[in-house]
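Chain naming here is simple, since letters A, B, ... match the order of the sequence lines and numbering starts at 1 in each. In this text the structure is predicted, and so the values were computed from the model without any measurement.
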Number of protein chains: 2
Amino acid sequence: MLPENPLRKAREKYLPILPSVLQQIDNVEWVKDKNTSLENEEIRALFPLTFGQPILKLQKNRNNKNRLLRVGVVFSGGQAAGGHNVITGLLDALILLTPESRLFGFLEGPEGIIKGKYKELTKELVQSYRNQGGFDLIGSGRTKIETLEHLAFALHTVEFMELDGLVIVGGDDSNTNAAILSEYFISKNSQTVVIGVPKTIDGDLKNTYVATSFGFDTACKTFSEAIGNITRDCLSAKKYYHFIKLMGRSASHIALECGLSTHPNMVLIAEEIAESKKTLQQITHQIADLVCERAEIGKNFGVILIPEGLIEFIPEIGVLIQELNHLLADFSIDNKEIVGRLTEDSQKSFISLPERIQQQLLLNRDPHGNVQVSFIETEKLLIETVTQELKRRLKDGKYRGAFSALHHFLGYEGRAGFPSNFDCNYCYSLGYAAALLITHNATGYMCCITGLTQNPIDWQVLGIPLTSLMNLEWRKGKKKPVIKKALVDLCSKSFAFYKQHRNAWRLNDHYLYPGPIQFFGEKQLTDTTSYSLSIDV
Amino acid sequence: MLPENPLRKAREKYLPILPSVLQQIDNVEWVKDKNTSLENEEIRALFPLTFGQPILKLQKNRNNKNRLLRVGVVFSGGQAAGGHNVITGLLDALILLTPESRLFGFLEGPEGIIKGKYKELTKELVQSYRNQGGFDLIGSGRTKIETLEHLAFALHTVEFMELDGLVIVGGDDSNTNAAILSEYFISKNSQTVVIGVPKTIDGDLKNTYVATSFGFDTACKTFSEAIGNITRDCLSAKKYYHFIKLMGRSASHIALECGLSTHPNMVLIAEEIAESKKTLQQITHQIADLVCERAEIGKNFGVILIPEGLIEFIPEIGVLIQELNHLLADFSIDNKEIVGRLTEDSQKSFISLPERIQQQLLLNRDPHGNVQVSFIETEKLLIETVTQELKRRLKDGKYRGAFSALHHFLGYEGRAGFPSNFDCNYCYSLGYAAALLITHNATGYMCCITGLTQNPIDWQVLGIPLTSLMNLEWRKGKKKPVIKKALVDLCSKSFAFYKQHRNAWRLNDHYLYPGPIQFFGEKQLTDTTSYSLSIDV
């Protein structure tokens, strides 16, 4: 019988590479790097106690004195590969600083903080989670600590547990929440420092300092393995168009990165479609044009990448979804009445959609009554509209070819796999940085590692005040402080690179096959990060 | 900018391990290993010229004299990882035997033989395909050489090209075809030797000698990577049931192997369901029972594997599909009339199915008018029937829990990826064996490597007469010679192993995370074969 879990065991032994500044954790200090902008008066008003702090930079120094720390950590939201390494980095750093320090993991997300459910994370317990995927050591959840009641419960928990620090590992919303908690704790004279860690496979938690959130690298590499395999299958069989939808909520970062690493025949970038205000019909024509051009050179096959968020970025569908959200929020309205209550334009848009998509728009609601965009099968919608368009062209003699399409959705297989070496190193360093920000009492800060395209030994470690990342946005009729989701920047070098090459990829099948993530062997196979990051540097 | 295709280039350099008997290819001979059964008179009647040949075994010997060979090779049917290594093994062996030998690849499957479309495969041309996935060097296709006209065209091609050998790389049908071609060529005094190579990810081309077909190992490992990632995601999020359908036509070999390597909460084995004559309702109850039992211990999540072929093995659906095939083959019948023409039982079965599945049964036909089983979304069907059943139980107070299900289909990502070291070695040896069978004029033989769970150096090389694998089966009202598809053997050790452990896997979440295929590092990470193979030895 073969051994069980050999890779799990082999990965447990991997030693993440630390930036040189973290290698002697006793001999460091945080210094002011830069002031942050003080201009956002609305944010200052909401966060009077934590607004305006400077960016901190870690540098080497003489020996410093450390104290025993009690720290809590929580995962918030969807999985991203590397989460367990944030915990092991945090624990290893805390123990190196003061061997008696203790770490506690809140169970099943922020709900664990509210309800005071946690377990102690010891060296023995975390050992088998080193460099492993998933969040299963402590679980995760989507509860938000927002109401005054929840804030009070959270305060009660951290006081009761006598925590010096609370590390919140999450995306934009969770880091916004970390800022709110931090402000609240100070206002209640709590000593608990709150630190955010940038996590999300979507890659939309991104700014001047945070080049990428953790998990993006592993997710894109896992999706690209599958995409590469499918393109090679496609090129061998020469009979199908593969429409591949990629997880990633609103932003198209994942689609762009997977495009750069696999060179499919077309990548739809939602941000570009929104900017050029393309309708569903125009997108359909764009794909049909590709199919026709390829048919003319004898190719009745191809691969098209579709970002999950696309549907919302198509102007008329975006408006329709907004109207539906507004109407669906009122649960007293019957589904049958809803269509009649849409504006005339949206009624037209709705009726033009295939029946199945209409159902998906009406039936799948999140707990707030919103349309669940991730459940809309955009890949099937486009196959259907393109099929109709090609039938018309066939009839008009403008197309001669065979169109047979298959659909795929890549998502859950990319969130909880073994983290790439990049994500292992990155997360382990983030855990160290969190520990050091707590020793510095730097509450309301996000851990940040810069220079990520360089050798990890040369990475820099920063702390960014969470409030400096915030803006006010309208949410459900109220202005709320949020960390803005970073969409694909159409002026970025990575998007320019894609634009420059996409015409060649349309017809020439310049497919790349990245293959499965490798953990052993030459550095260029195991330790590189993403294409978009390396281009955008 | 990062390098393009680093893994492709690294894999090109991999040197497949050869069995010791193949390491000095000049010093070997084929000897009779065993006689095959002479009892099947019907097969003898159909193959008078090739029936009754013995099994051949390759052994070391003194130097033998070789001659210049001209050989053709073709891929038939769906992709399986390792196909390119059959070609490189074949070419390397031919050139080692006689440097002037030449290899030609028929383009886009057996159609290339009929139409005489081919290209020469030189060392330079094949270099970048060494240890690579896909069939794109020469393509593949599903045309069958069956009619007298096609046979005559094929004969014309091999005669015109002066081929000494024709190597057909394919599954059960394609190897049946190789036997027919072989018999036909002899009957026409052609000197062209026909050799079959066992290929199919489905694992159903399997017998006393052929422990597995090539591609099965890589496909199962690729699917298991995704399944492991999904189970870890599932265990972290604790809120979904994942219904994962796995490609693999009729037999459930892939589902069993992936089950053994990931330990999900349930694996449906179609052969077991057929044997115990379970109805769709009983299968639904079986899954609902799992959900209820897990809900009682607070677990509202889980992973269930579903073989693609399941739907046909459910007795009443199997009958329904047969009736539909019969009716659909008659294209003059309108879809609307078909239901009325079904037997009463099948009408009931049909009406009990969700509307979408009804449509899939009626609309998706293959070129012969048959229902396309692979397009039936069994995973969604089961989610729907289980949801209904759980609603009933909830109402009756027999279930308290939350059931939210996600569906996946794993297929195309597993056929054309980088072949595992096992498949690289196996295919390269198969290519060598094919070359040596041609030198021996052993027409109508299938290449066979035995001892596959041992170190490749200890593998044995056999030649199996194709006719010895054949039986007569009814196909479209006619008795036809076919190589029987090997279904999962319910008496096998691997199935027994699964049965022994499945109760523990139901509730305990003893999930394994195999992770991505590794090519570099410790042998136990890179060179093992499948669990079912290692158990069944």
How many angstroms lie between CZ in A:Arg232 and CD1 in A:Ile227, if you round to the nearest 0.5 Å? 16.0 Å
Is B:Ala10 in contact with chain A via its backbone, its side chain, both, or neither, using a 4.5 Å heavy-atom distance? side chain
B:Gln500 atom CD: more than 12 heavy-atom contacts under 6.0 Å: yes
So which residue, A:Thr526, A:Leu260, A:Leu512, ends up with the most heavy-atom pairs under 4.5 Å with chain B? A:Leu512
Under 4.5 Å from any heavy atom of chain B, what part of A:Lys239 do you find: side chain, backbone, both or neither? side chain
Under 30°, 30 to 60°, or over 60°: which ring-plane class applies to A:His408 and B:Tyr412, parallel, tilted or perpendicular? perpendicular
Is there side-chain contact between B:Lys380 and B:Lys245, with at least one heavy-atom pair below 4.5 Å? no
With a 4.5 angstrom heavy-atom cut-off, could you sort out which part of B:Gln79 is near chain A: side chain, backbone, both or neither? side chain
Can you tell which part of A:Pro514 gets under 4.5 Å to a heavy atom of chain B, answering side chain, backbone, both or neither? backbone
If I measure from the heavy atoms of chain B, does A:Phe75 come under 4.5 Å with its side chain, its backbone, both, or neither? neither
Partner set under side chain to side chain donor-acceptor pair (under 3.5 Å) for A:Tyr14, not counting sequence neighbours: A:Asn425
Taking side chain as everything from C-beta outward and backbone as N, CA, C, O, which of these in A:Thr231 sits under 4.5 Å from a heavy atom of chain B? Side chain, backbone, both or neither. neither
Check side chain to side chain donor-acceptor pair (under 3.5 Å) between A:Glu257 and all other residues, then give those that pass, not counting sequence neighbours. A:Ser532
With a 4.5 angstrom heavy-atom cut-off, could you sort out which part of B:Thr529 is near chain A: side chain, backbone, both or neither? backbone
For A:Arg142, which atoms come within 4.5 Å of any heavy atom of chain B: side chain, backbone, both, or neither? side chain
Okay, B:Phe409 and chain A: the region with an atom under 4.5 Å from a heavy atom over there is neither
Can you say whether the rings of B:Phe135 and B:His84 are parallel (under 30°), tilted (30 to 60°) or perpendicular (over 60°)? perpendicular
Toward chain B, the part of A:Leu406 with a non-hydrogen atom under 4.5 Å: side chain
Please identify, among A:Leu235, A:Ile230, A:Leu525, A:Val537, the residue contributing the most non-hydrogen atom pairs under 4.5 Å to chain B. A:Leu525
Can B:Arg11 and B:Asn5 be counted as having a side-chain donor-acceptor contact under 3.5 angstrom? no
Between A:Ile535 and chain B, which part of the residue has a heavy atom less than 4.5 Å away: side chain, backbone, both or neither? side chain
Test log, rule ring-ring contact (aromatic ring centres under 6.0 Å, His included), inputs B:Phe301 and B:Tyr240: CA-CA 5 Å; B:Phe301 61 90; B:Tyr240 293 118; over 10 Å; no
